[in-house]
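Positions are given from 1 along the sequence. Quick caveat, the model's predicted, so the values are computed rather than measured.
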Amino acid sequence: KTAYEIPKRDWSSDVCSSDLLIVDSGPVFKVYDSNNNLVTGHYNAGQYSVVPSDIYLWQPTSYVLNVVNGTLNVSKATLTATADNQSKVYGEPNPDFSVSYAGFQYNDDAGSITQPTGSSTADINSSAGNYPIALSGGVSQNYDFVYVDGNLQINKASLSATAENKVKVYGNANPALTISYSGFVNGDDAGDIIEPVASTSATSSSSVGNYPIELNGGNSSNYNISLNNGNLEITKAVLSISADNKSKVYGSSNPTLTMTYAGFVNGDDEGDIVIPGLSTTATTSSNAGSYPIGLSGGSSNNYTLSLTNGTLTVNKAILNVIADDKIKAQGTANPNLTISYSGFVNGDNTANITVPSISTTATTSSPAGSYPITLSNGSAQNYSMNLVNGTLTVIANPTCSINTPASLPICGQNGNSISATYSNGTIFNWTLSGNGWQITDGQGTPTITYTTGNFGTTGTFTLTVTNSIKIGRAHV
């Protein structure tokens, strides 16, 4: 019998019953194991002794009862142990291997045996694929093991490939596109896979904005690669705009204000931006000094405008300050020294400057000759003064041959006045000023009538003027 296939039975049917035997009711055989222990439960695999009992002879005097024990051989049952199929992800340690059984008898289970253990050639470093799970080492008194291998399936691990975000400045070449990975195991890196390729539609001439960095392709025997796009941000380039420095002369109109650019790329120029405005507080009437040239406004899709103000320098105008030439007769007081100006603008006059001092070395007693009329000092906020000295000419008194009836000379007499009538009717007026005579017009030999307050005498004379020097329209 096979272990556990032996039912409890009435062994008396296997014994011949006759008039010679007396058999008690109930079991007449007892089963003993190899240690001569009475077995009363189910039988494990092995060899047992079957001993008849409670048998007697009717006629003991006529027969000798020879009781011979029997043998019961109980063989092991077949127990099929199947390694359960398992799965894991590449890079993970092997799972615990489990076993399924078919063939347990009675109420036996895995606790009734020394279970076989499962093993596989796969380990944590094994590539994705299928590997056998083999069983060995099972021990049981009552079962012979039949081992059925299982399968360990190593699935691909998840690998996330992400295009790294990049930033560049408008006009620059694209940066190197790179990929970051999350999920490598077993010391793997990008060299253990066929990497995806990163690309973008942006170029060096692309406008400011955001452009996708796309990943395509990529493959691995051990990884399922998920692709995540990145972003290329193109930022504005810096465009430096400087107001050009300018200069002008006080009183002149402002020059045309201009600006200079530094930083254009991709062949751009001012036509590709909204140009900032230029302005200055200086006007035609602004005083000499420095005035800001301001930049304001302006915009661009591709440039950050860096505005730098300039300076408008209003230089002093040239003011020619000229000492007027003067003439006086010898022995007379110096005339009033006067100044002429050339170069005033904006309606300015001497009230807008500090007038220079004017002087001469000539005095009342200076002999005939030329004396400098000198300008000195003087200043103005808005003018650079060009001082031009003049000349005071001292002339000798004219020679006079007119005499009164009393033979008194009238030339050089203070208080006398002469009214002269020219032959053509022109009136000459002579006035004695100090020791000099001055005629308002004319030259020649007029016939004169003189009146003197000192003598009260009137007469007609012939007058000859000598040493005549023209001063404007006058002659002395």
Side-chain angles (χ1 to χ4, degrees), residues 317-345 347-380 383-402 408-422 426-446 448-454 463-476:
I318 300 298
L319 180 63
N320 293 311
V321 183
I322 304 169
D324 296 329
D325 292 334
K326 296 290 182 178
I327 298 176
K328 75 162 188 168
Q330 182 180 355
T332 61
N334 286 346
N336 290 329
L337 302 181
T338 58
I339 304 173
S340 297
Y341 298 89
S342 173
F344 276 124
V345 293
D348 291 345
N349 54 39
T350 55
N352 300 101
I353 65 171
T354 299
V355 176
S357 300
I358 187 168
S359 63
T360 183
T361 57
T363 65
T364 301
S365 59
S366 295
S370 296
Y371 298 85
I373 301 174
T374 304
L375 295 172
S376 62
N377 300 321
S379 63
Y383 296 95
S384 292
M385 293 186 180
N386 179 31
L387 303 180
V388 180
N389 292 336
T391 301
L392 173 58
T393 303
V394 178
I395 63 173
N397 287 324
T399 301
C400 183
S401 60
I402 301 175
L408 296 175
I410 63 170
C411 291
Q413 300 299 310
N414 289 329
N416 292 311
S417 64
I418 300 173
S419 176
T421 303
Y422 205 19
T426 301
I427 301 300
F428 290 78
N429 292 313
W430 294 62
T431 302
L432 186 63
S433 174
N435 291 322
W437 291 90
Q438 184 173 357
I439 187 170
T440 59
D441 198 8
Q443 179 177 333
T445 308
I448 65 170
T449 300
Y450 75 92
T451 300
T452 175
N454 295 331
L463 175 65
T464 299
V465 178
T466 59
N467 296 334
S468 176
I469 299 173
K470 187 173 183 179
I471 307 175
R473 297 178 60 199
H475 291 76
V476 173

Decide yes or no for T338 and K326: does some side-chain heavy atom of the first lie under 4.5 Å from some side-chain heavy atom of the second?
yes
Are any of the side-chain heavy atoms of V321 and Y383 separated by less than 4.5 Å?
no
When you compare the side chain of Y341 with that of D348, does any pair of heavy atoms fall below 4.5 Å?
no
For the residue pair S379 and M385, what are the closest heavy atoms and their distance?
O-CE, 3.1 Å
Nearest heavy-atom contact between I353 and A380 is CG2-CB, 3.5 Å
Exam field: side chain N334 to backbone A362, donor-acceptor pair closer than 3.5 Å
yes
Rounded to the nearest 0.5 Å, what separation is found between the CD1 atom of I322 and the OG atom of S340?
6.5 Å
If you count the non-hydrogen atoms of other residues, nucleotides and ligands that lie under 6.0 Å from CG in N349, is the total more than 12?
yes
Between T391 (side chain only) and Y371 (backbone N and O only), is there a donor and an acceptor less than 3.5 Å apart?
no
From OG1 (T363) to CG (L392), nearest 0.5 Å:
10.0 Å
Determine whether S376 and L387 make a side-chain contact, defined as any pair of heavy atoms from C-beta on separated by less than 4.5 Å.
no
Between N377 and S357, do the side chains contain an N or O donor and an N or O acceptor separated by less than 3.5 Å?
no
Least distance between heavy atoms, Q330 atom then S366 atom:
CG-O, 4.0 Å
Main chain of A323, side chain of N389: is a donor-acceptor contact present, judged purely on distance under 3.5 Å?
no
Check: D325 and T393 side chains under 4.5 Å, non-hydrogen atoms:
no
Would you call V388 and N386 a side-chain contact if the rule is heavy atoms closer than 4.5 Å?
yes
